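Only a predicted model underlies this, so the values are computations on that prediction, with no experimental measurement involved. What you see below is based on every heavy atom in this structure, not just the backbone, and it leaves out hydrogens, waters and symmetry mates.
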Amino acid sequence: MSNKRVFFFVLLFFISVFFMELGRGQNDRRTEVNVGAVTDVGTTYSEVAMLCINLSLTDFYSTRPQFQTRLVVNVGDSRNDVVGAAAAALELIKNKQVKAILGPWTSMQAHFLIEIGQKTQVPVVSYSATSPFLTSLRSPYFFRATFEDSSQVNAIKAIIKLFGWREVVPVYIDNTFGEGIMPRLTDALQEINVRIPYRSVIALNATDDEISVELLKMMTMPTRVFIVHMYSSLASRVFIKAKEIGLMRPGYVWILTNGVTDDLSSISEMGIEAMEGVLGVKTYIQKSKALNQFKSRWRKRFPRKELSVYGLWAYDATTALAIAIEEAGTNNLTFSNADPRRNLLQTLSRVQFKGLGGDFGFINGQLQPSVFEIINVVGNGERSIGFWTEENGIVKKIDQQPRSMSALSTWKDHLKHIIWPGEAESAPKGWEIPTNGKKLRIGVPKRTGYTDLVKVTRDPITNSTLVTGFCIDFFEAVIRAMPYDVSYEFIPFEKRDGKAAGNYNDLVHQVFLGRYDAVVGDTTILANRSSYVDFTLPFIKSGVGLIVPMDDLVKRDHFSFLKPLSWRLWVTSFVFFFFIGFTVWVVEHRVNPEFQGPKRYQASTIFWFAFSTMVFAPRERVFTFGARILVITWYFIVLVLTQSYTASLASLLTTQQLNPTITSMSSLIERGERVGYQRTSFIFGKLKEAGFSPSTLVPFDTSEECDEFLRNGPENGGISAAFLEIPYLRLFLGQYCNTYKMVEEPLNVDGFGFVFPIGSPLVADVSRAILKVAESPKAMELQRAWFKKKEESCPDPVTSPDPNPYVTSRQLGVDSFRLLFIGVFVICIIILGKFTFCFLTKTEWNDSYIKRVEKCSCSSKQQTVHNSSQATQPDDNH
């Protein structure tokens, strides 16, 4: 039994020796392939990268022992220099005959190495050169195993758009790395109408004083959003100085590119503290089991070295190169007469695997990111606040469904809580007037008329300029409503002699030329002006009104008392007076002693009774039923007639019935009338476009001059009508409302607005402040103060659009009382008909009502007694 055990162990030993020798023979047949690694030897980032390269090769071949190739890394020291990198690459290619080069570290060094690789047909695989300028070289021998800097501009654009910032200032290093991102960044910001008013360029070797000078220059500018793209070492110095100067106070926004955020771990504690509240776009590394295991091994083996994303890319780039060389084969590494399908360039382009940094695969010679992480520097480190994805934009979590950018959504719907610089409670507005910067130069028009809107005067003693008026007071109220302080000074648009330097188009053009930062005054918002300047929302309604003189329709003279009634109504009334009197006499004279007597007496009674009904006081009593019905009806008609006459006469004598001489602009054009317009106004051009001949257009400056032209009329060198903008019209009619009238508003304009340069962030803030003031009692207070009526009898043409209401007057005619006259006429005919019938048939006029009345008994007896008493009184006195 023991002999068998010995034999088994001896056999096992020989088998082991056999396989060891067999493996050694196979190893001897494996091909070593020299590759170069150009790096800045002695630097921290170089040591981390080289450690990751060696670990990559160890891990790769330990899991793939069957591969026939083995990469041998030969290090070339670039000595932190462009020329040094080129020299190291040439030495590796010439002396070591390397088949590919990993590195170099910087984009400037990579530019030279790409040219060398192109000429020597040696691929260059860089894991840290990120400048977009390298892509423009279009070399098939350059592979970027990292993300191009311009790939993050869409994430930066999305952040700026989310917060609504309108201006940004890029702060970047003065080299190929810093400048490479600018073209794509500028284009991306222009897509969302964000301006870049200034670019701050800082040299790599800039002193602290030079950095301070540049930061102080930025501090005097209104823009408060800065995009920092530079090396982390320079960024640390910049932020330390920025905090000392005061650029990290509330209101400022700093956004870091991944050139800084991917290397935050290398920044000192003081630098991180200075970055408190800064936002950043960082390369997103997807979590995986392999990555966690690698980080765990790294911390155990190299506890004092911080693993960076560039180390992960160096690891994956080495793995990709090992796979490509194995697939290409040693026979095709010279690239002479090689099969394209097995060419190293082709195999590198086809390499795809799951690396430590995520999915690895070259597209057009470089990696293509689809996700970026958004961070907030807080305390001594960073905090993830969201992600940007190519498909969903900005989201709080990588697997979150995207939220729509609706009008009601805010940045809090897309990002987690943010700590802003200076621990600001709300998101910075991104733009404000610096209190230690220059004042806004605000141009104001120099007017000679309508100075209630804008008035420029000079103190004869101090020679200082004083600007007043409704527009000025409204602007100052708007500035007080702004969320930040704005320093400004008014500069009159005038010549040395004090006269206006041009019209309003010239004044607005000064903003486009940069001579004024804004224009405040009675400046109308027009389409042609908005092509080169920006207007705020209108702060007062405007438009162009047509003013014409008024004529009184009523001619007052000695016969004005006859004018309330037409002549036909006068005649009809008189005829009916006599007709009613005659009818009453006919039916009463046979039974009523007061209508009896001599013929002259009876005739006079008819006329007397007819006219006495006008004042409702006839002396004669009426006994018959029909006559009483007729008289009552006639009393009602007389009441209506007298009241209507009284009202019409009172209106005629006390109220002006004014009628405009012209009713529309088209009638002026057809008749070729002379019309007036405000000098220096846009109205002149609008009238010419409407069809007026320039020879018929007469300019004026003041209300008094306009009144004089209108009173003179076209026959005496004046005008038939005038065109005024609504604010001026209110002032004019407030002084001459009893003489002139606005008959129409033929031209529509948006109103008066404040003028700013195109893209100025002040436009949005001032517009919001205008809405606040317009909705407050302050707006009405200003209007009452400046648009007060010079004649208290003149109503405001805006609140009372028709200051001189007129109705086409017509005299009262028969048609107005036709029904009444017909009614009384029918009653008369019935009574006369009945009387005629009784007279012709010689029948008695039976009236039961009359029979129940004691005809004249009481009255006659009382009269006799009264006369008798008067006759006996003298005798009693005797």
Side-chain angles (χ1 to χ4, degrees), residues 45 105-111 126 128-136 144 146-160 165 167-190 194-206 210-211 214-215 217-218 221 223-242 247-248 252-264 266-267 271 274-275 278-284 308-310 369 372-377 382 388 421 430:
Y45 54 81
W105 182 258
T106 67
S107 298
M108 289 75 70
Q109 295 170 346
H111 190 281
S126 176
S128 58
T130 57
S131 174
F133 286 163
L134 302 178
T135 305
S136 62
R144 196 198 306 266
T146 180
F147 298 152
E148 185 185 86
D149 285 335
S150 61
S151 61
Q152 62 187 314
V153 298
N154 287 330
I156 297 173
K157 178 181 75 172
I159 295 174
I160 295 173
W165 296 319
E167 283 190 0
V168 299
V169 171
V171 185
Y172 57 93
I173 189 171
D174 188 13
N175 58 19
T176 303
F177 169 75
E179 295 172 352
I181 195 176
M182 289 310 300
R184 285 287 304 278
L185 179 62
T186 302
D187 293 342
L189 295 179
Q190 285 180 348
V194 174
R195 294 179 63 244
I196 299 179
Y198 178 73
R199 298 185 183 188
S200 179
V201 184
I202 300 177
L204 176 61
N205 55 354
E210 291 173 341
I211 294 175
E214 187 63 31
L215 292 176
K217 187 185 299 183
M218 295 162 52
M221 298 178 181
T223 307
R224 291 291 183 263
V225 182
F226 308 106
I227 300 175
V228 180
H229 181 63
M230 56 183 60
Y231 299 143
S232 58
S233 57
L234 180 59
S236 176
R237 297 173 56 204
V238 169
F239 277 100
I240 291 174
K241 282 297 178 182
L247 286 173
M248 299 301 293
Y252 286 90
V253 179
W254 295 83
I255 302 176
L256 305 176
T257 65
N258 61 1
V260 181
T261 57
D262 288 342
D263 203 21
L264 280 179
S266 65
I267 298 179
M275 292 182 180
V278 172
L279 300 180
V281 175
K282 184 178 182 180
T283 302
Y284 173 69
S308 67
V309 66
Y310 300 107
F372 281 98
E373 186 178 6
I374 302 174
I375 65 166
N376 184 204
V377 179
E382 63 187 60
W388 175 87

Novice: Indicate the ring-plane relationship of Phe177 and Tyr231, choosing parallel, tilted or perpendicular according to the 30° and 60° boundaries.
Specialist: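 Ring orientation of Phe177 relative to Tyr231: parallel.
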Novice: Side chains of Ile227 and Ile160, heavy atoms from C-beta outward: is any pair under 4.5 Å?
Specialist: yes
Novice: Could you state the interatomic distance from CD1 (Ile374) to CD1 (Ile159), rounded to the nearest 0.5 Å?
Specialist: 4.0 Å
Novice: Give a yes or no answer on whether the side chain of Arg237 reaches the backbone of Ala206 with a donor-acceptor pair at less than 3.5 Å.
Specialist: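 Here the side-chain-to-backbone pair exists.
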Novice: To the nearest 0.5 Å, what is the distance between CE on Met218 and CD on Glu214?
Specialist: 7.0 Å
Novice: So, does Ser200 use its side chain to make a donor-acceptor pair with the main chain of Val171 at under 3.5 Å?
Specialist: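 The answer is no, because no donor-acceptor pair under 3.5 Å joins these two groups.
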Novice: Side-chain contact test, heavy atoms from C-beta onward, threshold under 4.5 Å: evaluate it for Phe239 versus Leu256 and give yes or no.
Specialist: yes
Novice: Can you measure from CD (Glu179) to CZ (Phe133) and round to the nearest 0.5 angstrom?
Specialist: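 Between Glu179 CD and Phe133 CZ, I get 6.0 Å after rounding to 0.5 Å.
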Novice: Side chains of Glu148 and Thr135: do they bring a donor and an acceptor to under 3.5 Å?
Specialist: yes
Novice: Taking Asn175 for the side chain and Gly178 for the main chain, is one N or O donor matched with an acceptor at less than 3.5 Å?
Specialist: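 Yes: the side chain of Asn175 pairs with the backbone of Gly178.
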Novice: Supply the atom-to-atom distance Leu215 CG to Glu210 CD, rounded to the nearest 0.5 angstrom.
Specialist: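 Going from CG on Leu215 over to CD on Glu210, the span is 12.0 Å.
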Novice: Is there a donor-acceptor pair closer than 3.5 Å between any side-chain N or O of Asn376 and the backbone N or O of Val278?
Specialist: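 Here the side-chain-to-backbone pair exists.
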Novice: Would you confirm whether Arg144, through its side chain, and Pro132, through its main-chain N or O, come within 3.5 Å as a donor-acceptor pair?
Specialist: no
Novice: Leu234 and side chain to side chain contact (heavy atoms under 4.5 Å, CB included): which single residue from Val260, Asp174, Val228, Ile202 fits?
Specialist: Ile202
Novice: With the threshold set at 4.0 Å, does a side-chain nitrogen-carboxylate oxygen contact exist between Glu373 and Lys282?
Specialist: no
Novice: Are Phe226 and Ile255 close enough, and set up right, to give a side chain to side chain contact (heavy atoms under 4.5 Å, CB included), and what steps lead you there?
Specialist: CA-CA 6 Å; Phe226 308 106; Ile255 302 176; over 6 Å; no
Novice: Give, for atom OH of Tyr45 and atom OH of Tyr310, the distance between the pair rounded to the nearest 0.5 Å.
Specialist: 11.5 Å
Novice: Can any side-chain N or O of Ser107 pair as donor or acceptor with the backbone N or O of Thr130 at less than 3.5 Å?
Specialist: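 Side chain of Ser107 to backbone of Thr130, a donor-acceptor pair under 3.5 Å: yes, one is there.
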Novice: Where do Ala110 and Leu134 come nearest, in terms of heavy atoms and distance?
Specialist: CB-CD1, 3.8 Å
Novice: Is Gln152 reaching over with its side chain to a backbone N or O of Asn258, donor-acceptor style, under 3.5 angstrom?
Specialist: yes
Novice: For the residue pair Ser266 / Ser232, report whether a side-chain donor-acceptor contact shorter than 3.5 Å exists.
Specialist: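 The answer is yes; a qualifying pair exists.
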Novice: Between the side chain of Trp254 and the main-chain N/O of Leu247, is any donor-acceptor distance below 3.5 Å?
Specialist: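 Looks like yes, one N/O pair under 3.5 Å.
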Novice: Is the backbone N or O of Thr176 less than 3.5 Å from a side-chain atom of Ser131, with the two atoms forming a donor-acceptor pair by type?
Specialist: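 Yes, the answer is positive, given that a donor and an acceptor are paired below the 3.5 Å cut-off.
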Novice: Is Asp262 reaching over with its side chain to a backbone N or O of Thr283, donor-acceptor style, under 3.5 angstrom?
Specialist: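 Side chain of Asp262 to backbone of Thr283: a pair is present.
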